[in-house]
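Structure first, commentary second.
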Amino acid sequence: MVVPRLGRSVGHLLDRLCRHSGLLAQPLSGATARRGQASGRPGSNPGAPPGSYSALRAQAAREPAAFWGPLARDTLVWDTPFHTVWDCDFSSGKIGWFLGGQLNVSVNCLDQHVQKSPESVALIWEQDEPGTEVRITYRELLETTCRLANTLKRHEVHRGDRVAIYMPVSPLAVAAMLACARIGAIHTVVFAGFSAESLAGRINDAKCKVVITVNQGLRGGRVLELKKIVDEAVKLCPTVRCVLVAHRTDKKVSMGKLDVVLEQEMAKENPECAPESMNSEDMLFLLYTSGSTGTPKGLVHTQAGYLLYAALTHKLVFDYKPGDVFGCVADIGWITGHSYVVYGPLCNGATSVLFESTPVYPDAGRYWETVQRLQISQFYCAPTAVRLLLKYGDAWVKKYDLSSLRTLGSVGEPINHEAWEWLHKVVGDSRCTLVDTWWQTETGGICIAPRPSEEGAEIVPCMAMRPFYGIVPVIMDDKGSVMEGNGISGALCFSQAWPGMARTIYGNHARFLDAYFTAYPGYYFSGDGVYRTQSGYYQITGRVDDVINISGHRVGTAEIEDAMATHPSVPEAAVIGIPHDIKGEAAFAFIVLKDDVANSDVVEKELKSTVATKIAKYAVPDQILVVKRLPKTRSGKVMRRLLRKIVTSSSQDLGDTTTLEDPSVITEILNAYEKYKQPKC
Ligand code: 7RM
């Protein structure tokens, strides 16, 4: 079906949006669209002034093609215009945007800005050692990207091939991502805190041809042996033909037969590389994230929709203006780094900060000293860091002039009152806009945040509040029915597709459908719970599945359990998340030991190291409790809910335990836990 030419009112609204955001230079023309399903869209808002948040939100929900079509056409640089704005159907998990269009993401992030102002600064690399920042212009970044792209080509990386990037935050890592984009290869950045086994699992799942890494990393004054980890991983990876090794330190590392010195190769290459014309729906990158099973999922993001969504949210949520220095301190190994260190800011021609260090190196003033020295306008960080820093006291903040700041943002986990207030009052001097932003690896960009909004609209502390344009939240009850009205809570779903969302799980579309589109047919299910306040704002209440969030890092309880169960003395383990002052959540493990185990302390130590080796250090349980058996239902499922109650609730009420196979297990575990809590002397 073809949507008729845009009506005047829609054109007028978008004109206003574009004047506000500087996004659209040209008037609208007709865009065509195939319509998807029509449920759950909010109606129009006749009383809202044109161009206002609520009018635009209503338009984006009612007429996605009319909203997104002109934005995509005028925000992005296209080789071939798209003919269809969207073709999506949540019932079948079909998601497609800007069909027929062709473009290159690296051209959008680099060449378009080089043409206009080659010497403007693309990246400020805030290296681990304070005061040693390096500025990279758009011209330089394009040149580095092209040399790296040509190096990849020389090593037989072709369009559609996968490349793993295991690097600390650095300009070369950004160039590696953009080099893949330039030649149509698909990158998968693996956070440089993951173990060799985790890295190998991801490389094998993606069947990567090439790995890009560094000899060593530097973080918080410490050396990270990244090349050694890659060596260990690659032994397990038959698809890897070549490892490109860059140098972050002077240390010589042993080079095997697959290894190539990246800088030497790049120096030989041409600083220009013709960009591949990619279809809107070709893959741009894979990013692995944890779900409720033991194996991480490789979420697939595609070209045009992802880039447009990252760029638009970067501009409107953070109020980014040309000339601002945008500081997102996330690692590029997470989706936050992809969307708000690399793709969003660079597509908008911004100056983006690459933060290599930690919040407390060399002291607890590091973030604020950096803000002052680099004159950062927007500062985007994780609540776990805020909780840590506020314990050091206000003096570390007050020491510095933070008047360059306009917007503060938080992401990754719920932000508690104390952290929100501290960020707002002490860091933001009660003067900056503070946005609690909710989104996921799967959503590609921010979905719920206090901005954009009507001008000057209230911001309620600790709340993501308002859906972004095109985001239509729906709250579901236990039975899978849509809950209407305010003052209600349930599962957070979305009824309508948006351009930035993931398209599939790499190599496993069935799992994609199962994880996100099966629990509530016709809707995307986020895995989070949400409360809609009396005023109609959204407040995230936390995961409703078996995913926990340690220091803003997602990990599945099943992943930790699987790692622990590889220990020969541990037939069974059950892991739950428990509240933690700084980390937000910590893992608590219940383990069953074989009868012949003499010393459980040794096993516990070994288990911790197993989790660090198999997953990552952050996933190691804080506490391990030995029990005789796990509480299981008659169908054999571990009742984690009961374990959570035992550890976190002071009341005797353990909820419904009638489905337990043997209720006497409760007293058994309660006793074990009581004993465990007593101080050991
Ligand atoms: C961006 C990112 C996603 C999960 C998500 C939530 C939790 C993220 C917030 C939040 C409460 C927030 N991607 N989460 N942001 N919870 N308030 N503002 O973190 O894929 O790594 O994690 O993180 O549970 O589902 S992620």
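Indexing begins at 1, ligand by ligand and atom by atom, following the structure's order. In this chain, numbering begins with 1 at the start of the sequence shown.
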Practice problem: Run the ring-centre check on Tyr516 versus Phe525 and record whether the distance is less than 6.0 Å. | Solution: no
Quiz item: Quick one: nearest non-hydrogen protein atom to atom 20 (O) of ligand 1, plus distance?
Solution: Thr441 OG1, 2.6 Å
Self-check item: Closest approach of any protein heavy atom to atom 15 (N) of ligand 1, naming residue and atom
Solution: Gly412 N, 3.2 Å
Practice problem: Of the side chain and backbone of Ile415, name the one, both, or neither that has a heavy atom under 4.0 Å from an atom of ligand 1. | Solution: neither
Quiz item: Do Thr302 and Glu281 have side-chain N/O donor and acceptor atoms under 3.5 Å apart?
Solution: yes
Quiz item: Centroid-to-centroid, Phe379 to Phe326, below 6.0 Å?
Solution: no
Quiz prompt | For Asn549, atoms of ligand 1 separated by under 4.0 Å from a heavy atom | solution = 7 (C), 23 (O)
Quiz item: Hey, is ligand 1 close enough to Glu442 that some N/O pair sits below 3.5 Å?
Solution: no
Quiz item: At what distance is the nearest protein heavy atom to atom 2 (C) of ligand 1, and which residue and atom is it?
Solution: Trp439 O, 3.7 Å
Quiz item: Are Tyr306 and Phe285 near enough that their ring centres are under 6.0 Å apart?
Solution: yes
Quiz prompt | Proximity of Ile540 to ligand 1 by residue part, where a heavy atom lies under 4.0 Å | solution = side chain
Exercise. Determine, using ring centers only, whether Trp334 and His338 are less than 6.0 Å apart.
Key: no
Self-check item: Ring centre gap for Phe318 and Tyr380 strictly below 6.0 Å
Solution: yes
Quiz item: Just by distance, with hydrogens left out, do Ser495 and Tyr524 show a side-chain donor and acceptor under 3.5 Å apart?
Solution: no
Practice problem: Find all atoms of ligand 1 within a distance of less than 4.0 Å from any non-hydrogen atom belonging to Ile335, and give their numbers and elements. | Solution: 1 (C), 13 (N)
Practice problem: Flag the pair Arg543 and Asp545 as a salt bridge only when some basic side-chain nitrogen lies within less than 4.0 angstrom of an acidic carboxylate oxygen. | Solution: yes
Quiz item: What residue and atom, counting heavy atoms only, is the protein's closest point to atom 24 (O) of ligand 1, and at what distance?
Solution: Asp528 OD2, 2.8 Å
Quiz item: Phe90 and Tyr523: aromatic ring centres closer than 6.0 Å?
Solution: no
Quiz item: In the protein, which heavy atom is nearest to atom 21 (O) of ligand 1, and how far is it?
Solution: Arg554 CD, 3.6 Å
Quiz prompt | Pairing of Asp562 and Lys614 as salt bridge, 4.0 angstrom limit | solution = no
Quiz prompt | Min N/O separation Arg543 to ligand 1 under 3.5 Å | solution = yes
Self-check item: Side chain, backbone, both or neither: Glu413 near ligand 1, heavy atoms under 4.0 Å
Solution: backbone
Practice problem: Report, in ascending order of atom number, the atoms of ligand 1 lying under 4.0 Å from any heavy atom of Val411. | Solution: 1 (C)
Exercise. Looking only at protein heavy atoms, identify the closest one to atom 11 (C) of ligand 1 and say how far it is in Å.
Key: Pro414 N, 3.2 Å
Quiz item: Does any N/O atom on Thr437 come nearer than 3.5 Å to any N/O atom on ligand 1?
Solution: yes
Quiz item: Would you call the rings of Tyr618 and Phe194 parallel, tilted or perpendicular if under 30° counts as parallel and over 60° as perpendicular?
Solution: perpendicular
Quiz prompt | Trp334 touching ligand 1 at heavy-atom level, < 4.0 angstrom | solution = no
Quiz item: Quick one: does ligand 1 sit under 4.0 Å from the side chain of Val547, the backbone, both or neither, non-hydrogen atoms only?
Solution: neither
Quiz item: Quick check: does Thr336 get an N/O under 3.5 Å from an N/O on ligand 1?
Solution: no
